[in-house]
Peer 1: 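Below is a structure I'd like to ask you about.
All chains are named by letter (A, B, ...) in the order of the sequence lines, taking the proteins before the strands, and each is independently numbered beginning at 1.
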There are 2 protein chains.
Amino acid sequence: MSTIEDVAKLTGLSRTTVSRVINNHPYVSEDKRKLVIEAMNKLGYVPNSSARSLRNQKTDVIALFVPRITNPFFSQLVESTEIAAADHGYQLIICQTRYSPEKELNYMNLLKTKQVDGVILASLQNDWEKIEPFLDYGPIVLCNEFEDRANVPTVKLDQVYGGYIATKHLIEQGHTKIAYCCGGYRSNVAKSREIGFRQALSEHKLSFDERYAFRDAFNIADGKRVFQKMITLPDPPTAVFTGSDEVAAGILSEARKHGYRVPEDLAIVGFDNQAITELMDPMITTVHQPVKEMAQKAVDIIVEKIQSRKYRKKEIYEFPLQLIVRESTVSKKLAKA
Amino acid sequence: MSTIEDVAKLTGLSRTTVSRVINNHPYVSEDKRKLVIEAMNKLGYVPNSSARSLRNQKTDVIALFVPRITNPFFSQLVESTEIAAADHGYQLIICQTRYSPEKELNYMNLLKTKQVDGVILASLQNDWEKIEPFLDYGPIVLCNEFEDRANVPTVKLDQVYGGYIATKHLIEQGHTKIAYCCGGYRSNVAKSREIGFRQALSEHKLSFDERYAFRDAFNIADGKRVFQKMITLPDPPTAVFTGSDEVAAGILSEARKHGYRVPEDLAIVGFDNQAITELMDPMITTVHQPVKEMAQKAVDIIVEKIQSRKYRKKEIYEFPLQLIVRESTVSKKLAKA
DNA sequence: TTTAAATATGAAAACGTTTTCACAAAAATT
DNA sequence: AATTTTTGTGAAAACGTTTTCATATTTAAA
């Protein structure tokens with residue numbers, strides 16, 4: 001466990017010169033530079049991160065907040081963010097809030113204690129007023145999730161449009177009884193999708209039926225549960241818009257089990273364009289989200305904000321969504337015709 | 001950005017006493033303690049992590065190495081590890097090696113630079129000789145992946161047994177032409193499964209057919225590709241053992257597309273017991289891996305080793321695997337009978 | 001009472017860097 | 001040849017903690 005002092009001693013030089021070599025500063029003669037590098041190799045010396053962080057007042061670490069990493073959308077986001085961060089020389093710390101405001105707030109202390117240089121929030125469980133004060137300690141960037149009151153850079157997707165095109169597509173297939181099945185009361189992502197959903201309905205003179213609304217569906221099991229509930233309704237829907245491909249897959253598998261034909265008896269549209277949409281039979285119509293691009297942008301921005309130290313400003317970067325039509329909404333005969 | 005010095009000044013006490021309050025040391029009078037806590041709240045003071053790490057020679061951060069986080073097996077592992085680490089007061093840094101030895105080696109420097117207190121390797125891309133020297137700088141624990149030459153604690157699953165029971169099950173269904181389809185030449189996990197696979201074969205006087213062996217299948221697309229290849233063989237297999245549920249699902253979906261009946265024309269067994277196995281039609285027979293327990297144990301151990309500083313010792317902790325029989329290997333009629 | 005032990009506090013050193021400042025030598029400009 | 005500029009180097013301060021040591025006071029034991 002050698003220190004810079006050991007290298008200095010071995011070379012007969014000062015800590016300063018060794019430090020200059022490490023950091024590629026100018027004004028070090030070629031022979032001393034070589035001497036130092038040699039000594040560093042010999043000792044297996046490598047600078048101590050904590051000391052560096054303390055002195056430089058930065059850690060080169062970013063925290064990424066997600067609710068759960070096993071949600072495929074978020075694991076994709078984590079993967080892309082990690083790669084983008086590494087490209088910028090940053091390490092990524094993963095914070096799983098598990099939808100708990102307390103956990104989220106607790107993890108925010110990473111910023112306060114200066115363990116990370118910045119935070120990317122891909123999930124927001126607290127009122128913004130609780131998060132805001134942490135801006136005193138470093139930049140916060142919203143990614144995917146968003147919030148009107150937040151005066152910070154935000155990278156998001158056009159969720160209203162996503163809800164709109166998916167619903168419009170269902171309406172165009174002739175459906176009038178369309179269920180809405182998303183997750184998250186708090187999330188503005190879900191809220192926006194509902195706005196788009198409602199917009200498509202009203203544009204076609206259809207009204208939103210609260211009996212068809214399920215707002216607590218996140219995963220496969222939820223999808224299954226929702227299907228069970230749906231079919232007990234007096235006048236069950238013939239189509240369902242969902243907030244994730246997992247929920248869609250859950251509904252689809254349960255529908256199949258009950259002898260429902262998809263899309264003939266029930267049309268289903270997912271969200272996220274995960275691998276599973278192409279595995280299911282029928283393949284699931286979904287909305288593609290450019291996760292990689294979004295993650296990349298979020299990292300670019302937080303890196304920039306860490307450097308510029310000016311991050312109390314709202315800047316919105318929005319990426320488009322795209323409907324991917326597959327078999328779960330269009331009967332095969334029609335599709336081929 | 002207040003420091004301990006600010007708190008000291010505000011209270012008229014010394015840094016020492018403030019530090020004692022922060023760290024719950026004895027011998028601080030109750031009134032001073034209250035005074036300090038009050039001042040800390042007033043200033044919004046919170047101790048600086050870097051300074052603490054430097055002084056305490058520990059960071060309370062662990063690194064977890066995985067090839068790719070989007071692989072559901074690994075995202076499950078990451079989730080469980082993160083939770084277990086948090087329970088112990090540790091933060092988790094995610095390192096995606098993307099199957100690259102260089103990236104892996106590069107990430108190992110986190111240990112050398114003391115940015116993390118220990119490393120959990122759930123993936124191993126380098127020869128152990130390359131990793132071994134890093135033991136000078138902190139504990140390394142193998143988790144899931146393993147290596148004979150590694151003199152470190154290892155938490156693993158009985159992969160030989162996993163390969164064995166899955167294959168035996170296929171043989172018991174009457175299959176004699178069984179394909180082997182796993183990923184990773186380097187990985188001992190894959191090698192062990194192949195040993196179990198061969199063992200089951202030879203116990204039933206069947207011989208391993210190299211033409212039926214595919215050793216580069218990791219994901220859904222690979223599964224699809226393998227199916228295509230398989231059916232072009234002169235005497236194609238009637239069953240296939242795979243190294244992951246994604247590969248199995250890929251094969252299954254492609255088989256369906258080609259009009260193959262599963263399991264009648266082709267029986268398929270997966271590995272991991274991911275959610276997808278219950279979504280596919282037919283549902284996929286698979287091998288359950290106790291990921292959570294394994295992750296938990298790995299964290300327990302690394303935390304212990306960080307404290308005890310004695311970690312150059314081989315200790316093997318092995319968890320059992322379990323065959324989950326579903327429809328992709330047993331025809332429905334038979335299953336109900 | 002005297003002495004020993006327990007309690008309470010602070011000054012200063014230490015953790016391992018980077019940077020500021022000072023200064024000297026060499027090179028370039030007058 | 002005198003002066004300025006560029007190049008090369010080191011001592012010491014700074015980053016913000018925790019801990020060691022010293023010391024003073026209070027309490028308990030003799």
Peer 1: When the distance from CD of B:Glu5 to C1' of C:dG10 is rounded to whole Å, what number comes out?
Peer 2: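 To the nearest whole Å, that distance equals 12 Å.
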
Peer 1: May I have the distance from A:Arg55 (atom CZ) to C:dA14 (atom C1'), rounded to whole angstrom?
Peer 2: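 Rounded to whole Å, this separation is 17 Å.
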
Peer 1: Just to confirm, is there a sub-4.0 Å distance from OP1 or OP2 of C:dT18 to any side-chain nitrogen or oxygen of A:Ser19?
Peer 2: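 For C:dT18, OP1 or OP2 has a side-chain N or O of A:Ser19 closer than 4.0 Å.
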
Peer 1: In terms of side-chain heavy atoms of B:Thr16, which of C:dT18, C:dA13, C:dA11 is nearest?
Peer 2: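 Out of C:dT18, C:dA13, C:dA11, the nucleotide with an atom closest to B:Thr16's side chain is C:dA11.
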
Peer 1: Given the rule in the side-chain hydrogen bond (donor to acceptor under 3.5 Å, both in side chains) test, do B:Asn24 and B:Arg33 qualify, once you have shown the distances and angles that lead to the verdict?
Peer 2: CA-CA 9 Å; B:Asn24 282 314; B:Arg33 164 166 277 120; 4.6 Å; no

Peer 1: Nearest-Å distance, CZ (B:Arg15) to P (C:dA12)?
Peer 2: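 Going from CZ in B:Arg15 over to P in C:dA12 covers 10 Å.
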
Peer 1: Is it the case that B:Gln125 and B:Glu145 place a side-chain donor and acceptor less than 3.5 Å from each other?
Peer 2: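 Absent: no donor and acceptor within the cut-off.
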
Peer 1: Quick check on D:dG8: is either OP1 or OP2 less than 4.0 Å from any side-chain nitrogen or oxygen of A:Lys32?
Peer 2: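 For A:Lys32, the contact criterion (side-chain N or O under 4.0 Å from OP1 or OP2 of D:dG8) is not met.
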
Peer 1: Does NZ in A:Lys314 sit with more than 12 non-hydrogen atoms of other residues, nucleotides or ligands closer than 6.0 Å?
Peer 2: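 For A:Lys314, atom NZ is crowded (more than 12 foreign heavy atoms under 6.0 Å).
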
Peer 1: To the side chain of B:Arg20, which of C:dT20, D:dG16, D:dT20 is closest?
Peer 2: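 It is D:dT20.
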
Peer 1: Whole angstroms only, please: what is the NE2-P distance between B:His25 and D:dT18?
Peer 2: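 Nearest whole value for this atom pair: 8 Å.
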
Peer 1: Set out, in order, the CA-CA distance, both residues' side-chain angles and the distance that settles salt bridge (charged side-chain N to carboxylate O under 4.0 Å, His left out) for A:Arg98 and B:Glu79, then state yes or no.
Peer 2: CA-CA 10 Å; A:Arg98 323 207 88 221; B:Glu79 167 171 300; 3.5 Å; yes

Peer 1: A:Asn56 CG to D:dG16 P: how many Å, rounded?
Peer 2: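 Distance check: A:Asn56 CG to D:dG16 P gives 12 Å.
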
Peer 1: Starting the side chain at C-beta, find the nucleotide from C:dT17, C:dT18, D:dG16 nearest to A:Tyr45.
Peer 2: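 Nearest listed nucleotide: C:dT17.
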
Peer 1: So, OP1 or OP2 of D:dT9: does either fall under 4.0 Å of a side-chain N or O from A:Ser29?
Peer 2: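 Yes.
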
Peer 1: Classify the ring geometry of A:Phe65 against A:Tyr107: parallel below 30°, tilted from 30° to 60°, perpendicular beyond 60°.
Peer 2: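 Judged by the thresholds at 30° and 60°, the geometry between A:Phe65 and A:Tyr107 is perpendicular.
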
Peer 1: Report the distance from atom NZ of A:Lys114 to atom C1' of D:dG16, rounded to the nearest whole Å.
Peer 2: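 Result: 13 Å.
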
Peer 1: Rounded to whole Å, please give me the gap between CD1 in A:Ile4 and P in D:dA11.
Peer 2: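 One finds 13 Å between P of D:dA11 and CD1 of A:Ile4, rounded.
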
Peer 1: Just how far, in rounded Å, is P of C:dT17 from CD1 of A:Ile22?
Peer 2: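 My rounded result for the distance is 7 Å.
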
Peer 1: Just to verify, which of A:Gln289, A:Lys191, A:Glu318 counts as forming a side chain to side chain contact (heavy atoms under 4.5 Å, CB included) with A:Gln159?
Peer 2: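 When A:Gln289, A:Lys191, A:Glu318 are each tested with A:Gln159, the side chain to side chain contact (heavy atoms under 4.5 Å, CB included) holds only for A:Gln289.
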
Peer 1: Please pick, from C:dT17, D:dC15, D:dT18, the nucleotide with the shortest atom-to-atom distance to any side-chain atom of A:Pro47.
Peer 2: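 The answer is C:dT17.
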
Peer 1: Take atom CG in A:Asp148; do more than 12 heavy atoms of anything else shown fall under 6.0 Å from it?
Peer 2: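 No, because the 6.0 Å sphere around CG of A:Asp148 holds 12 heavy atoms or fewer from other groups.
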
Peer 1: Does C:dT18 have its OP1 or OP2 closer than 4.0 Å to a side-chain nitrogen or oxygen of A:Asn23?
Peer 2: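 For C:dT18, OP1 or OP2 has a side-chain N or O of A:Asn23 closer than 4.0 Å.
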
Peer 1: Start at the 5' end of DNA chain C and walk down; is the nucleotide closest to B:Arg33 or to A:Arg52 reached first?
Peer 2: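 In this pair, the answer is B:Arg33.
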
Peer 1: Taking ring pair (Phe, Tyr, Trp, His ring centres under 6.0 Å) as the criterion, tell me which of B:Phe74, B:Phe218, B:Tyr185 meets it with B:Tyr99.
Peer 2: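 Between B:Tyr99 and the candidates, ring pair (Phe, Tyr, Trp, His ring centres under 6.0 Å) is satisfied uniquely by B:Phe218.
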
Peer 1: D:dG16, C:dA6, D:dA13: which one has an atom nearest the side-chain heavy atoms of B:Tyr27?
Peer 2: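 Looking only at heavy atoms from C-beta outward on B:Tyr27, the closest nucleotide is C:dA6.
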
Peer 1: Where along residues 6-14 of chain B does a heavy atom come under 4.0 Å from DNA chain C, residue by residue in number order?
Peer 2: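 Nucleic-acid contacts, sorted: B:Gly12, B:Leu13, B:Ser14.
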
Peer 1: Would you say D:dG16 has OP1 or OP2 under 4.0 Å from some side-chain N or O of A:Gln57?
Peer 2: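 The answer is yes; a side-chain N or O of A:Gln57 sits under 4.0 Å from OP1 or OP2.
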
Peer 1: Would you indicate, yes or no, if C:dG10 has its OP1 or OP2 atom less than 4.0 angstrom from a side-chain nitrogen or oxygen of B:Thr17?
Peer 2: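 Affirmative; the distance criterion is met.
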
Peer 1: Answer with base, sugar-phosphate or nothing: what part of the nucleic acid does A:Val21 contact at a heavy-atom distance below 4.0 Å?
Peer 2: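 Here A:Val21 touches no strand at all.
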
